[in-house]
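The figures that follow rest on heavy atoms only: side chains count, while hydrogens, waters and symmetry mates do not. A note on names: the letters A, B, ... follow the listed sequences, proteins ahead of strands, and every chain is numbered from 1.
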Amino acid sequence: MPLNDTDIDFFQRVYEVARRIPSGRVTSYGAIARYLGTGRSARVVGYAMNASSSVHPPVPAHRVVNRIGLLTGKHHFPLPDLMQQLLESEGVVVENDQIVDFEKLFWDPMKELGI
DNA sequence: ATCCTGACTTGAC
DNA sequence: GGTCAAGCCAGGA
């Protein structure tokens, strides 16, 4: 079901989408931004993730990477390697901060949740 | 209000 | 194929 509510702010909508990412799958900041209709706010999605550690319920921020599957946000986790560990615990293979078979594991909100 | 920063993306070159 | 610069927008100083 689409998230068309305008009574919740942008950050909350980002978190809602991020929580729908299935275990073992990943998506990108830009994909979330486009799904929310603000295709040019990719950076803000990352900014929202930065604040996601203090929101409730929790957000699986480790399943969100940049468009080429690079773990650019790993240094913002409590431990630098936590992001990779979480992904690998879900079956995602990571090599040199790069997700292997990123295109296969990519979860597109537009496709999966509908436009 | 203005300037700066940044877990990004895209379009030139 | 790569690398670089510009655009983007929410928050903080």
Enquirer: Whole-Å distance between B:dA7 P and A:R67 CZ?
Expert: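 Taking atom P of B:dA7 as the reference, CZ of A:R67 is at 17 Å.
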
Enquirer: Taking atom P of C:dC9 as reference, at what distance in whole Å does atom CZ of A:R13 sit?
Expert: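 Between P of C:dC9 and CZ of A:R13: 14 Å.
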
Enquirer: Heavy atoms only, 4.0 Å cut-off, all strands: where does A:N50 land among base, sugar-phosphate and nothing?
Expert: base

Enquirer: Give none if B:dT9 has no partner; otherwise give the nucleotide forming a Watson-Crick or G-U wobble pair with it, both distances under 3.5 Å.
Expert: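 Its partner is C:dA6.
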
Enquirer: The side chain of A:R34 lies closest to which of these nucleotides: B:dA7, B:dT9, C:dG11?
Expert: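 Per side-chain heavy atoms of A:R34, the pick is B:dT9.
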
Enquirer: In this structure, how many angstroms lie between the C1' atom of B:dA7 and the OH atom of A:Y15, rounded?
Expert: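 Nearest whole value for this atom pair: 11 Å.
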
Enquirer: Could you state the CG-C1' distance from A:L70 to B:dG6, rounded to the nearest angstrom?
Expert: 16 Å

Enquirer: Specify the residue among A:V44 and A:A31 whose closest nucleotide of DNA chain B lies further upstream toward the 5′ end.
Expert: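 Result of the comparison: A:V44.
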
Enquirer: Could you measure the distance from the CD atom of A:Q98 to the CG atom of A:L70? Nearest 0.5 Å is fine.
Expert: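 Interatomic distance, A:Q98 CD to A:L70 CG, rounded to 0.5 Å: 5.5 Å.
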
Enquirer: Specify the separation, in whole Å, of atom CE of A:M49 and atom P of B:dT9.
Expert: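 Taking CE of A:M49 and P of B:dT9, I get 12 Å after rounding.
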
Enquirer: Please determine if a side-chain N or O atom of A:S28 lies less than 4.0 Å away from the OP1 or OP2 oxygen of B:dT9.
Expert: yes

Enquirer: Let me know the distance between CZ of A:R40 and P of B:dG11, rounded to the nearest Å.
Expert: 11 Å

Enquirer: Kindly point out which of C:dG7, B:dA7, C:dC9 is positioned nearest to the side chain of A:R43?
Expert: C:dG7

Enquirer: Please check: side-chain N/O of A:R63 versus main-chain N/O of A:A18, any donor-acceptor pairing under 3.5 Å?
Expert: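 Answer holds: no.
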
Enquirer: So which nucleotide from B:dA7, C:dG11, B:dC8 ends up closest to the side chain of A:F11?
Expert: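 Nearest to the side-chain atoms of A:F11, counting from C-beta on, is C:dG11.
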
Enquirer: Do the side chain of A:Y29 and the base of B:dA7 come within less than 3.5 angstrom through a donor-acceptor pair of N or O atoms?
Expert: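 Indeed there is one.
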
Enquirer: Rounding to an integer number of Å, can you tell me how far A:Y47 OH sits from C:dA10 P?
Expert: 11 Å

Enquirer: Does any non-hydrogen side-chain atom of A:D101 lie less than 4.5 Å from one of A:V93?
Expert: no

Enquirer: Please determine whether the number of non-hydrogen atoms from other residues, nucleotides or ligands lying under 6.0 Å from atom CZ of A:R19 exceeds 12.
Expert: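 Atom CZ in A:R19 is crowded, with more than 12 foreign heavy atoms closer than 6.0 Å.
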
Enquirer: Looking at A:T72, does any N or O in its side chain come under 4.0 Å of the phosphate oxygens OP1/OP2 on B:dC8?
Expert: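 For A:T72, the contact criterion (side-chain N or O under 4.0 Å from OP1 or OP2 of B:dC8) is met.
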
Enquirer: Do A:E112 and A:P22 have side-chain heavy atoms sitting under 4.5 Å apart?
Expert: no

Enquirer: Among B:dC8, B:dA7, C:dA10, which is the nearest nucleotide to the side chain of A:F77?
Expert: B:dA7

Enquirer: Rounded to whole angstroms, how far apart are CG on A:D97 and C1' on B:dA7?
Expert: 13 Å

